[in-house]
**Q** 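Sharing a structure, written as structure tokens. Questions coming.
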Amino acid sequence: MLLNPFMQLSSETIIYFFIYAVIGWICEFFYCGVIDKKFENRGFLFGPYCPIYGAGALLIVYILQPLSHSATGLFFYTIIVCTPMEYFVGWAMEKVFHMRWWDYSNQPLNLNGRICALNSILFGLMGLLLVYVVHPFVVQLLGQIPTRFDEHTIAVTIIVLIAIDFVLSSKSLQLAFKHLSELKVYLEQFRANQADKDKKHNVRENIREMVRRLSKLAKCHRLPGYGINLINKLRSINIIENYKLRQILRSSESMDLHELKPALEALKAYHEEQDKTDVATTEDTANTWENAITQLLGETDENAASEQPF
Amino acid sequence: MRIRLTNSDVLYFFIYAVLGWVFEMVYCALIDGAISRRGFFFGPYCPIYGFGAVIVLKLIHPYFKSALSLFIVAIACCTILEYLTSIAIEAVFHIDLWNYSDNFLNYDGKICLINSLLFGIMALAVVYIMHPFISKKVLSISDKSRTKLATAAIVVILLDLLISSISYTNGFGNLSVSSLFNH
């Protein structure tokens, strides 16, 4: 009986996984958006889906529901299974990507900021909602999938889709960290070489270049038109550099990123500057980062000046 | 409530998404006096119209038979759909695909009175004029072929979703693509 769900791990299961990953993303988007008063893309992947919700939903529907005989039982089973799962995924993602994807440090009854009581109870409630409302509806909606769609093709598409997204997202993060480390080195060089004017000039140029590269892709600008052709779109996949920087910036407050702190400060200065002015043209973008970096470097110059009397 | 999604529903979704895209192209060309590409997706379809049409046909029409109630409920549902989609796309991709700030009675530039009324009219047009014709055509296709077409439509939209998500998050909006390769 318990093995049954694994035997049924069919294309249908993968379709359900995807549906719940998308629903999870939508819930997360609006829930966190309302709480933080700021709507932002959540999660690790580019597309609008959170696989952890898909996996959780399958676990609840295929394993926990058959095991439990009552709503109360299901509620507690969900909490007991999903909480360690969230802790483990949180821990693993921190280890692999060196940054935090969620942080409950400020919540009562949290453990290392990775899990907390409130969210675990919410999982329990979501489990009930899933089993008694959402899943019956989805099952009824899709009915017997094979008679309506070629479920195998769709399942393969979903797997390929998430695999590609996963690879590109990891690469994007890697590049973001790489650029941040480079920026850090330039900032250090700048501080070390303050006396030497020529060197300072070079390093300043490097910093500018680095900030430009980082910020170019870190924050999207309003598109003036939508006339982007296929080649450009496909090419752009090769330059997925730094969208994930936004996630890193958000995470930096709670994560031990001391080494990269100067670089992050430079970037944050850029973003603050950019938020102040409504950036509309390439020229403006260039000016904005220039202002931000001058401000940052200006502080360093003042520090140098105040040290000179000695 | 017994609603079941069939392979023809997926085809309706796709057909109305394409028609919505064509409508956008024509409507915006008339208003702006210039042709511009519309929609978030790379392909020639606006899934929001597909969703809107399927919601009207499958969820609203079965319960609100009279034209007036259909009109009112369709306006409410489509306006909410448009508002939420607008929040999501703007927050995630930092673009506004539509902006009604200059229109009469708009809310946050995301929804406005005239477009909501237009949705109501479109719902009526879909239910009473277009759908009888389109459903006849779709149902004349053999069930096997419909299944194949529905599968193809889902695969195309899923792949496009990923490509579009990635390309918009790059934010090369005001920078020419070639400039990105010059570093």
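Residue numbers start from 1 in every chain, and the chains themselves are labelled A, B, ... in the order their sequence lines are given, proteins ahead of strands.
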**Q** To the nearest 0.5 Å, tell me how far Asp150(A) CG sits from Asn7(B) CG.
**A**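 Answer for the CG-CG pair, Asp150(A) versus Asn7(B), is 11.5 Å.
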**Q** For Gln140(A) versus Arg4(B), what's the shortest heavy-atom pair and its separation?
**A**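 Residues Gln140(A) and Arg4(B), closest heavy atoms: O-NE, 3.3 Å.
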**Q** At a 4.5 Å cut-off on heavy atoms, which part of Leu158(B) comes close to chain A: side chain, backbone, both, or neither?
**A**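 Its backbone and side chain both get close to chain A.
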**Q** Can you establish whether the number of heavy atoms outside Phe23(B) located under 6.0 Å from its atom CZ is more than 12?
**A**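 Correct, the count exceeds 12.
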**Q** Using a 3.5 Å cut-off and no angle test, enumerate the donor-acceptor pairs between side-chain atoms of residues 118-135 of chain B and protein atoms at least two apart in sequence or in another chain.
**A**
from, atom 1, to, atom 2, distance (Å)
Tyr128(B), OH, Lys65(B), O, 3.2
His131(B), ND1, Tyr16(B), OH, 2.8
Ser135(B), OG, His131(B), O, 2.8
Ser135(B), OG, Pro132(B), O, 3.3

**Q** I need the single residue from Ile15(A), Ile154(A), Thr157(A) that forms a side chain to side chain contact (heavy atoms under 4.5 Å, CB included) with Ile154(B). Which is it?
**A**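 Going through the options one by one, the only one that passes is Ile154(A).
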**Q** Measure Leu84(B) against the heavy atoms of chain A and call it side chain, backbone, both or neither at under 4.5 Å.
**A**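 It is both, since atoms from each part get that close.
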**Q** Answer yes or no: does atom NZ of Lys58(B) have more than 12 heavy-atom neighbours from other residues, nucleotides or ligands under 6.0 Å?
**A**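 Yes.
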**Q** For the residue pair Phe29(A) and Ile87(B), what are the closest heavy atoms and their distance?
**A**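 Looking at all heavy atoms of both residues, the closest pair is CZ-O, 4.1 Å.
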**Q** At what distance, to the nearest 0.5 angstrom, does OG1 of Thr6(B) lie from CG of Leu141(A)?
**A**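 Spacing of OG1 (Thr6(B)) from CG (Leu141(A)) equals 10.0 Å.
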